[in-house]
Amino acid sequence: MLKFINRNPWFVAILYAIIVAAFSALFYFSPDQWERRLGFIDSLYLSVSVITTLGYVRVEPAGDWGTAFILIEALLGVLLIGIFLNAISHWYSERENKAAKEREALRWRPAQLHVAQHLYRLHHMLFNSCRWILKHDHHIDLSRPDVPGGISQRKADGVIKKQSFYSYLEYHYNELNKMIERNAVALGSELHPMIMDYSICAKDMISACDFAITAYIGEGKYRGSYNHDAAIRMSEIFEEINEAFPELKYIEENSTKELLAPDDLRSIVEQSNECCEFLHMEISSRADADTGKSD
């Protein structure tokens, strides 16, 4: 109730007017409580004089109830005036704080948009790269002139095909972290933790890609892990960034390209686990742990 009053000082003003009218009617319909019968204007004048504690009263109460009416209205008037002034002060302070926040948001908007743009590009790049790096049947043609003779299909896929999708990931990931560090103040208490969370999850995804490439380049069997929760969280943050910066879809070329969903990436990893003899990536997911499902 107090929060409502602080945010709506005019409610107190309306209540003030209702009390004036109510006591005015009370004075008018209790003629035996006054030294003379009060007309409508006299009753209104008396009510206003009492509630405002002005003291310009030209009529005296003739009974105890009349005295009680005056005391009650005077006390209510003092109380409501205090509440009203406090509400006005609170309302004005909130309005000024809101205006200050809006000015601050406009000041930092360009820096925030710059970081959001880089996250947007990294997200498209990372999910697209993960698709082809983790896909077990995405092979390079060994008859191509740039493929060294005598190289195995496994190693050729890792060195030439999959490495080409990985080469820029680390660079753009590091650039995002530099931007986060340089613009920590501009990002504020809402965007900064969110984008830091994205960076942590992106590191997990990049590590999974790096491990997969290592398995293709190396010898023998490899067993690693794939963090499905990280992919889900990255997609959630990506959507939140799109909502916060709707202009991204107009200024980024990748906005029209279809983006792979986390569940699609998971299906690719599952297919690789079934078909690839030398690489197995255990899928870690809190949802699977809750339901007792394992890869």
Side-chain angles (χ1 to χ4, degrees), residues 7 91-135 162-210 213 226-266 268 285-286:
R7 292 174 182 173
W91 171 78
Y92 181 78
S93 176
E94 275 198 342
R95 192 182 70 168
E96 287 298 303
N97 289 338
K98 183 179 178 181
K101 287 180 179 179
E102 289 175 352
R103 289 193 298 269
E104 192 75 2
L106 287 174
R107 176 188 174 189
W108 297 120
R109 182 76 177 184
Q112 293 173 352
L113 179 60
H114 186 54
V115 177
Q117 274 185 274
H118 199 80
L119 184 146
Y120 188 99
R121 294 167 188 167
L122 177 62
H123 189 80
H124 275 269
M125 184 184 302
L126 182 52
F127 271 62
N128 182 61
S129 297
C130 283
R131 163 192 274 175
W132 301 117
I133 292 172
L134 301 175
K135 195 171 175 64
K162 298 184 183 297
Q163 188 71 45
S164 65
F165 290 101
Y166 181 82
S167 57
Y168 295 105
L169 285 181
E170 197 73 31
Y171 169 77
H172 286 282
Y173 172 76
N174 290 333
E175 283 298 303
L176 176 64
N177 286 329
K178 290 177 184 177
M179 288 184 181
I180 295 172
E181 186 177 353
R182 286 196 300 264
N183 297 283
V185 175
L187 293 174
S189 59
E190 293 184 8
L191 283 176
H192 188 266
M194 184 193 305
I195 297 178
M196 281 298 298
D197 194 14
Y198 183 94
S199 174
I200 293 169
C201 294
K203 185 63 178 176
D204 280 349
M205 297 289 287
I206 292 173
S207 296
C209 290
D210 183 48
I213 293 172
Y226 171 78
N227 190 344
H228 181 57
D229 290 330
I232 293 175
R233 181 58 183 147
M234 286 172 66
S235 293
E236 290 173 349
I237 294 172
F238 178 76
E239 292 301 325
E240 291 180 42
I241 291 295
N242 278 333
E243 290 179 9
F245 300 92
E247 60 268 39
L248 283 173
K249 63 182 179 181
Y250 300 109
I251 61 180
E252 285 298 320
E253 296 179 356
N254 289 327
S255 60
T256 57
K257 294 181 180 179
E258 186 178 355
L259 190 61
L260 209 64
D263 286 342
D264 294 330
L265 273 180
R266 176 179 179 141
I268 290 173
S285 170
R286 284 192 298 270

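Count residues from 1 along the sequence.
You'll find the side chain of R121 reaches within 4.5 Å of the side chain of Q117, heavy atoms only. For the pair N227/M205, no side-chain contact is recorded, criterion being any heavy-atom separation below 4.5 Å from C-beta on. Taking 4.5 Å as the limit, some side-chain heavy atom of H228 sits within range of a side-chain heavy atom of D263. Counting heavy atoms from C-beta outward, I241 and H123 have side chains that stay 4.5 Å or more apart. Taking 4.5 Å as the limit, some side-chain heavy atom of L176 sits within range of a side-chain heavy atom of V115.
Atom CG in L113 sits 5.5 Å away from atom CG in L248 (nearest 0.5 Å). Taken to the nearest 0.5 Å, the OH atom of Y226 stands 13.0 Å off from the OG atom of S207. Distance check: Y198 OH to I237 CD1 gives 8.0 Å after rounding to the nearest 0.5 Å. Note: S235 OG to E240 CD = 11.5 Å, rounded to the nearest 0.5 Å. Interatomic distance, NE2 of H172 versus CE of M179, reported as 9.5 Å (0.5 Å rounding). Within the model, atoms SG of C130 and CD1 of I268 stand 9.0 Å from one another, a figure rounded to the nearest 0.5 Å.
With K162 contributing its side chain and C209 its backbone, the two residues share no donor-acceptor pair below 3.5 Å. Side chain of S129 to backbone of F165: a donor-acceptor contact under 3.5 angstrom is found. A donor-acceptor pair under 3.5 Å is formed between the side chain of Q112 and the backbone N or O of A186. A distance-only check finds no donor-acceptor pair linking the side chain of H118 to the backbone of N177 [under 3.5 Å].
Heavy atoms only, all atoms of each residue included: A230 and C201 are closest at O-CB, 3.7 Å. Scanning all heavy atoms of the two residues, the minimum distance from A111 to N183 falls at CB-OD1, 3.5 Å. Closest approach of R131 to L265, counting heavy atoms only: N-CD2, 3.8 Å.
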### Task
Applying side-chain contact (heavy atoms from CB on, under 4.5 Å), run through N242 and K249 and close with a yes or a no.
CA-CA 8 Å; N242 278 333; K249 63 182 179 181; over 6 Å; no

### Task
Any chance you could lay out the side-chain contact (heavy atoms from CB on, under 4.5 Å) test for L191 and W108, step after step, and finish with the verdict?
CA-CA 11 Å; L191 283 176; W108 297 120; over 6 Å; no

### Query
For D264 and F127, what are the C-alpha separation, side-chain angles and deciding distance, and is it a side-chain contact (heavy atoms from CB on, under 4.5 Å)?
CA-CA 10 Å; D264 294 330; F127 271 62; over 6 Å; no

### Message
Apply side-chain contact (heavy atoms from CB on, under 4.5 Å) to residues M196 and L187 and explain how you reach the verdict.
### Response
CA-CA 11 Å; M196 281 298 298; L187 293 174; over 6 Å; no

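Remark: E181 does not engage K178 in a salt bridge, criterion side-chain N to carboxylate O under 4.0 Å. R109 and E247 are joined by a salt bridge, as a carboxylate oxygen and a charged side-chain nitrogen come within less than 4.0 angstrom of each other.
Between H124 and F238, a ring centre-to-centre spacing shorter than 6.0 Å is recorded.
A salt bridge (Lys or Arg N to Asp or Glu O under 4.0 Å) check over residues 184-204, counting only residues at least two apart or in different chains, returns the pairs E170-K203, D197-R233.
For R103, there are no salt bridge (Lys or Arg N to Asp or Glu O under 4.0 Å) partners two or more places apart in sequence or in a different chain.
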